[in-house]
Amino acid sequence: MSDPVRSIAERVRGRVLREGVDLARDEALASRYAAEEVRRYSERALAGAHAPLDDERDAAREVVASITGYGPLQPFFDDPTVEGNCSQCQSVAWRR
């Protein structure tokens, strides 16, 4: 996870804690919060506060995965072509 995505995820986590919401009950809310924070980040980037994101949609997906899913492993769990997910194995082989 890149530094900008990590920063956005922390902002979303802070918002979730402040508002006391349960993202497990409302998956759409996690996506909305992530999209809003990505948009805020991009607006600040346009103003020159920091470098822009390469892909806003990918960034939002990474934020949601880090907060509600399995972080960097989430894309493998979501991919129907991946077989043999063994997250507790010491030697994991991912096949497509």
Side-chain angles (χ1 to χ4, degrees):
M1 181 182 321
S2 67
D3 286 340
V5 172
R6 188 173 295 113
S7 172
I8 294 166
E10 287 304 316
R11 293 178 69 82
V12 172
R13 281 189 190 95
R15 184 174 176 185
V16 167
L17 291 173
R18 279 191 312 278
E19 296 181 11
V21 296
D22 182 2
L23 296 181
R25 291 183 173 200
D26 191 352
E27 192 173 314
L29 186 60
S31 295
R32 192 181 95 217
Y33 280 9
E36 289 172 359
E37 288 302 328
V38 165
R39 187 176 347 101
R40 285 187 186 101
Y41 182 94
S42 293
E43 288 170 357
R44 289 190 305 273
L46 286 173
H50 43 254
L53 295 166
D54 291 332
D55 186 326
E56 291 181 9
R57 266 188 243 160
D58 281 347
R61 245 188 316 270
E62 280 186 64
V63 169
V64 171
S66 75
I67 293 171
T68 64
Y70 293 96
L73 294 177
Q74 190 64 47
F76 294 107
F77 291 119
D78 293 341
D79 187 342
T81 66
V82 173
E83 298 176 7
N85 294 341
C86 181
S87 60
Q88 296 178 350
C89 299
Q90 290 184 354
S91 175
V92 178
W94 300 96
R95 293 187 349 225
R96 289 183 184 222

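- Smallest separation of non-hydrogen atoms from P4 and Y41: CB-OH, 3.3 Å.
- Side-chain contact between R6 and S66: absent, with no pair of heavy atoms (C-beta onward) separated by less than 4.5 Å.
- The stretch residues 34-43 participates, sequence neighbours left out, in these salt bridge (Lys or Arg N to Asp or Glu O under 4.0 Å) pairs: R11-E37, R15-E36, R32-E36, E37-R40.
- Nearest heavy-atom pair across V64 and S31 is CG2-CA, 3.8 Å.
- Two residues are said to be in side-chain contact when any heavy atoms from C-beta on lie closer than 4.5 Å; I67 and Y33 fail this criterion.
- Closest non-hydrogen pair, T68 versus A30, comes out as CG2-CB, 3.7 Å.
- E62 approaches S2 most closely through the heavy-atom pair OE1-N, 4.4 Å.
- When the shell of 6.0 Å around CG of D54 is examined, it contains 12 or fewer heavy atoms from other residues, nucleotides or ligands.
- Interatomic distance, R61 CZ to D55 CG, rounded to the nearest 0.5 Å: 7.0 Å.
- Note on L29: it clusters hydrophobically with V12, by side-chain heavy-atom contacts below 4.5 Å among ILVMFWY residues.
- For S42 (side chain) and V38 (main-chain N/O), a donor-acceptor pair under 3.5 Å exists by modelled atom type.
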